[in-house]
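In the text below, chain A, chain B and the rest are named by the order of the sequence lines, each starting its count at 1.
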Amino acid sequence: MVADVTGTGMAGAADAAPAIELRGISKAFGPVQANKDINIRVRKGTIHGIIGENGAGKSTLMSILYGFYKADSGEILIDGKPTQISDSQDAIRAGIGMVFQHFKLVENFTVLENVILGAEGNALLKPSKARARKLLTQLAADYELSVDPDAVVEDLGVGNQQRVEILKALYREANILILDEPTGVLTPAEADHLFRILQGLKEQGKTIILITHKLREIMEVTDEVSVMRRGEMVATVKTAETSPTELAELMVGRKVLLDVQKAPAQPGEVVLSARNLKVVDRHGVEKLRGIDLDIRRGEILGIAGVAGNGQSELLEVLAGMIPGTGEVTLLGKPLDLSLKRDNARTRREDSVGHVHEDRHRCGLILDFMAWENIAFGHHNAPEYQKNALLMDNHAILEDAKGKIERFDVRPPNPMLTAESFSGGNQQKIVLAREIERNPDLLLVGQPTRGVDIGAIEFIHKRLIELRDQGKAILLVSVELDEIFGLSDRIAVMFDGRIMGEREPEKTDRQELGLLMAGVTGDAA
Amino acid sequence: MKLTRTFLGATATLALTAGVAWADPALIYDLGGKFDRSFNEAAFGGAQRWADETGGEYRDIEMQSEAQREQAIRRFAEAGYNPVVMTGFSMATPLETVAADYPDTNFVIIDGVVDLPNVRSVVFTEHEGSYLVGMMAAMASETGTVSFVGGMDIPLIRRFACGYAQGVVAANPEANVIVNYTGTTPAAWNDPVRGGEITSSQISQGSDVVFAAAGGTGVGVLQTAADAGILSIGVDSNQNHLHPGQVLTSMVKRVDNAVYEAFTAGEDLETGLVVMDLAAGGVGYALDDNNAELVTADMQEALDAASAAIASGETVVHDYMSDNTCPVSVE
Amino acid sequence: MSSTRMPKWADVLLVPLFSLLIAFAISALVILAIGEDPVEALVIMVRGSLGSTYGWGYTLYYTTNFLLTGLAVAIAFQARLFNIGGEGQALIGGLGVALVCLFIPWPNWWTAMIAAILASAAFGALWAAIPAFLQAKRGSHIVITTIMFNFIAASVMNYMLSHVLRPPTAMDPATARFDDVLRLPRLHDILGLVGIEFSRSGPANIMLFVALLFCGLAYMLMWRTRLGFEIRAFGQSEPAAHYAGISGVKIIMVAMLISGALAGTMAVNSVMGGPQRLVLNAVEGAGFIGIAVALMGRSHPIGIIAPALLFGFLYQGGGELAIETTIPREMIIVIQALVIMFTGALDNMVRQPLEAVFLRLRRRG
Amino acid sequence: MDLATIVQILESTLRLATPLLFACLAGLFSERAGIVDIGLEGKLLIAAFFSAAIAFVTGSAWLGLLAGIAASVVFSLIHGIASITFRGNQLISGVAINFLASGMSVVIAQSWFRQGGRTPSLMGEGRFPPLELPFADAVADVPVIGPLYSEILSGNSILVFVGLLAVPATWWVLYRSRFGLRMRAVGENPAAVDTAGISVVRLRYYAILIAGVLCGIGGAYLSTSLAAGFVREMSAGRGYIALAALIFAKWRPWQALFAVLLFGALEAIANRWPNLDLGFITLPNQVMTALPYILTVIILAGFVGKAIPPRAGGEPYVKER
């Protein structure tokens, strides 16, 4: 195993001072140790990847570097000089720029206003704006970064918004650019464009830190990569000298089976059939533009796509959370998509299970105890009632104990509040609730987001088991590996449409990537 | 159990009354407060005069809310104060309830009538005093337009307005009287800003003498009048000193005397209805150094004559409250 | 967040307790600053409110008011709705009481009381329904709309009492006194049945027991019924409630109707139980004190009982202070403000150091 | 209706709108920076008290003004400590501030002056004198402009003019200055400001301090210009009406001026005609009193255009992990 923690063994590393060096950084949030004695050196003019599972401490580390948090101990050296970074102003002064996963833009400001915010250089706006306009034109020409300076940010697409973030950093003359999971919202083509920009910046001598959990990106664009696990820095290696398998092992700390074992599907009757399914959101934007699909018993239909292309709406409209139009039948019975008659509750009564993609916001009540969360959404179920008026809390508690045991939720204490469980165990509570009611159709969104690898394996196994019991599963995931591993059929969504359907054995990443970008090679 | 309860109750009552000399009088001011420079302050003045002269002590409390009235009266009765004097017609209903519960305590209500054996009800003939100041206003006015700012729009205040208007017309049949009220709730007694704005509006309509019968609100009326350089007439207390030389006079209502007399009579207070009219010196107008230059000999003469005529019954000023109508419009 | 750092009991008990102590300490400083003795003030307050059955009669009367308005705010808080409109809802509830008591010849007090409870609840609920509907359907911020509705309610009452309900000969903007048959049994009458002597002056009445019953019912509602489960779930997370098929519109409406109804019934105590006629401002700020009570009681139907009693004590004791000393009655409003500030808005100021203490204890243990 | 009546109504409107204007602009600064301010009422009230009290004691309206501003700023700071530093609930803090002002003003007034929670009446220098504008007499006879200038504008307290000038000043600060850009940003997305290296906390404190100063002037105007002394509860809901005007104005300065003039006019009309006879119906005074509140509810319900508040309003800023 490569465990060159300090990076001193790197060839030629000793000649120039690294752009960034962190020494012994530790940070705790209450009882949680987010960073433990982190050491890292990032060489000038390189793209340095930082990889790790969710919760490994990557974002905390970068937030410390950007002055958002103060480390409990340790020191930061910029260009070899110890530098005190106690707020973002210090970081900016030290030449650090950061592009956050969730953009930090004022949505109803123009691009120009967003760029100058905090770096106006003058108490009056007029001269600041004029100067910024000139500089932006220059930057746009230099780095393929053209954005209309007078456009209002909320009218821009995500790709352009991200460019505004990069422009903000460059406008502040950043020499070191940190990007946190920058491709999560981009199509493969947009991601490629981003990487070209990054290469261009690198050639101009900028240093780039790329935080991601996608092994493929690391292999493609970085020069070196550091791996974090449970708050610790476990290795820094040259990208050219490592492999995805090795990195995955470093991330997880043991051998990982990236493949899911499963028998071939035995599709049965159609459980759900949708024709011309459309959803228009509150602002009048069409989120689903006519979806046709069928799901049968005993199969998993995987929906691939870049986040934000209508997958969330697809799950929610089928689950009865948002209204839509079109013809959808469940086991031959037409559903009321207008939600005048139906809602999420009647869908559950119609035997539709729903594992929401955002368990913190929707799937769980974090302040409720585990046993209450087991009843949540099914609290009208007859077995949970004592009489016409009162619920039978005792029955719910007993039921919860069984489910918690069968799904190996740790600690197996139904009286703890949901928020006191780890991400994986929270997800198990949700799955236990939804799977054990034996739904004919299970809607699953991002089942393993923020879940540790051990739990991922467990969750995948349970989903396959449910399929093998003859249930229909609609799986939405942005993780292509997960889609490939679980799906019996793969549909790709782009801009509210299904661009095509493939069998996992007969397609590859390239093809799906094109579909995800809205490019159809054939008549899909 | 029962014994301890009783015992507790008894000691508590003792504790309540300990330190209070038996049968001190008490005074409850209506909303608007002790220092409204008007009605309540007159009551305070009477109580203070009694205290200064006799060296006695009394308790007083200001009402802050409609709902507290009954509790306040009861609290004083419970603690053994006697007599318990209160100002304002709003006290009548709560007093009815409480007075029945404390037959050994004497109560005095000023401006209200409660028909119970242990209650003295003191009322004033405000229409008579208002008539006199109305005459004076009409004689002092150069524009021929005078005005009235009432507090709460209730029959009692209309009685002021009606008397005033009759006096104005008596002195100058051509005169115009503008009448406004501040509101319909007790808040109207304590809204000087609104009083000032209403006065401004009246001034713009030509009024050059304004009579405020509005408790604490009147402070704003007199202030605005003084700022605008017109004459004003105070009420209840002598308010001439508030803006020397700019307050024509004040329609005084001897609430102070009513309180003083009640306090002086103490526990031996005679109950029943007491009407304090012009003849009895219950109402009148104020003359002092502050307004001496404003009151001409003509005015003095006319007012003296009118006073005598009213006192003798020769002139009868119509009382609005007798039939809820007025010969001169006071809407 | 908090529960992972500190045991729940500490969050529920210690935080409000310390907040309260700070509020009292500052109040004492204020009293000191105006040249009075806070210890003496406390003695007067305790003596005047708890030292005799006369005092208890008023303390418990006010407590009844605060139990109902506190419960009203608490139920709405459970659905994460900040109902500042308790004052207006109680005012309008009073209108319901007055109409029922004035225009229907009831044979006895208990039929009248039940009718008055129903009428006041209906009126209060109605007054809460409009802001609730606007929040549920149009997203109008319920805090602002309920504030506006308090003012509108005051105007409505003002009009009704000055122009409609005032007896023709009366000057007060108030209704006539209700028939004596409708007098609610007071503690004097009730406790007399079991041989306990109680002052007949204090207005505390049977509504105290009704209010306590409502607390118990509210507890059952929130923790034993599906509706309560849904209200709490909605209050914790609106999107999650939506995911679970709980209708946000329904919960907002139902929670606010219950809240408004409870605030409305407060008027049965303060109108039928007190002066037995409807006067202006019959609510006397109880709607607002309900906020302090609910905050201190952590919006728990049983948890609010102690703070309601505390404010009953403060209210009665404060009234005594005004009589016995030169400290004006507004001192209670200052205390009330400080309690709301420290338990509701500055709770983190107490929580953060407490969390640090617990963290240290845990590390050591 | 004759000209004199119209002039009088407009005069009264301007006077009554001025305290609303200060409170409304105060709310604008606070809410544009993401701090919801229900405590406007309390700040007006406490400022009114301290202005009157100090003006009475010192005999100087100017010292009174300073005292009023100081008191209001202290209350702003309390709100800031609760809602910015300790990330408490801004609504609850505002409610508490209103009660605190309501209680404190009377408690202190009673302790200082023993006049039942009021200050003695202010005389002479204790009040702001009317300010006669230059050439007021000269243009008095010019139609329209004459009465407008010499009767309605001229002769008001200097604070009225401060209020009127505060409107363009606010507009300029908000849209033309660096501070305004940052302040608007912090009310929309504090994270953007934070990551740009500017302290969210400091910006928000600046905003509420400005709000405190404006409310302080508004309160001082109430007790030392409009009235001649403090009486209990003299703010009489004006802070809430200012809040309503702010919603009406959709958080913009010029519209705020129009909104407060509208509400001022309602009050002036209600003063002039307690029972407003519209020919077909007579509106009782209570309707006029309640009208601003009713209008606000209608606006809030979105029946007359949507009022979209600053997005980060009401939420304490917590850094994401």
Worksheet item: Who among Arg345(A), Arg347(A), Arg361(A) has the most heavy-atom pairs with chain C under 4.5 Å?
Response: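 Top option by heavy-atom pairs under 4.5 Å: Arg361(A).
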Could you measure the distance from the [atom1] atom of [X] to the [atom2] atom of [Y]? Nearest 0.5 Å is fine.
X         : Y         : atom1 : atom2 : answer
His242(C) : Glu316(A) : NE2   : CD    : 6.5 Å
Thr225(C) : Lys386(A) : OG1   : NZ    : 12.5 Å
Ile365(A) : Phe229(C) : CD1   : CZ    : 7.5 Å

Checking [X] against chain C: side chain, backbone, both or neither under 4.5 Å from a heavy atom?
X         : result
Ala381(A) : neither
Glu372(A) : both
Phe376(A) : both
Asn380(A) : both
Leu366(A) : neither
Leu389(A) : backbone

Do you know which two heavy atoms are closest between [X] and [Y], and how far apart they sit?
X         : Y         : value
Lys8(C)   : Asp367(A) : NZ-OD2, 4.5 Å
Ala244(C) : Ala344(A) : C-CB, 4.2 Å
Arg224(C) : Asn393(A) : NH1-ND2, 3.2 Å

Which atoms of [X] come close to chain A, meaning under 4.5 Å heavy atom to heavy atom: side chain ones, backbone ones, both, or neither?
X         : answer
Glu230(C) : side chain
Ala241(C) : backbone
Leu221(C) : neither

Worksheet item: Taking everything shown except Arg138(C) itself, do over 12 heavy atoms lie less than 6.0 Å from its CZ?
Response: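 Atom CZ in Arg138(C) is packed in, count exceeds 12.
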Discussion item. Counting only heavy atoms from other residues, nucleotides and ligands, does the tally under 6.0 Å from CZ of Arg230(A) exceed 12?
Written reply: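 No.
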Discussion item. Checking Arg226(C) against Tyr384(A) for the side chain to side chain contact (heavy atoms under 4.5 Å, CB included) test, could you report, in this order, the C-alpha distance in whole Å, the side-chain angles of both residues, the deciding distance, and whether it holds?
Written reply: CA-CA 10 Å; Arg226(C) 297 188 290 277; Tyr384(A) 290 158; over 6 Å; no
Worksheet item: Do you know which of Ala233(C), Ser237(C), Ser247(C) has the most heavy-atom pairs with chain A at a distance under 4.5 angstrom?
Response: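 When all of Ala233(C), Ser237(C), Ser247(C) are compared, Ala233(C) has the most.
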Discussion item. Whether Arg348(A) engages the ring of Tyr243(C) as a cation-pi pair (distance to the six-membered ring centre under 6.0 angstrom, angle to the ring normal within 45°) should be assessed.
Written reply: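 Arg348(A) over Tyr243(C) ring: yes.
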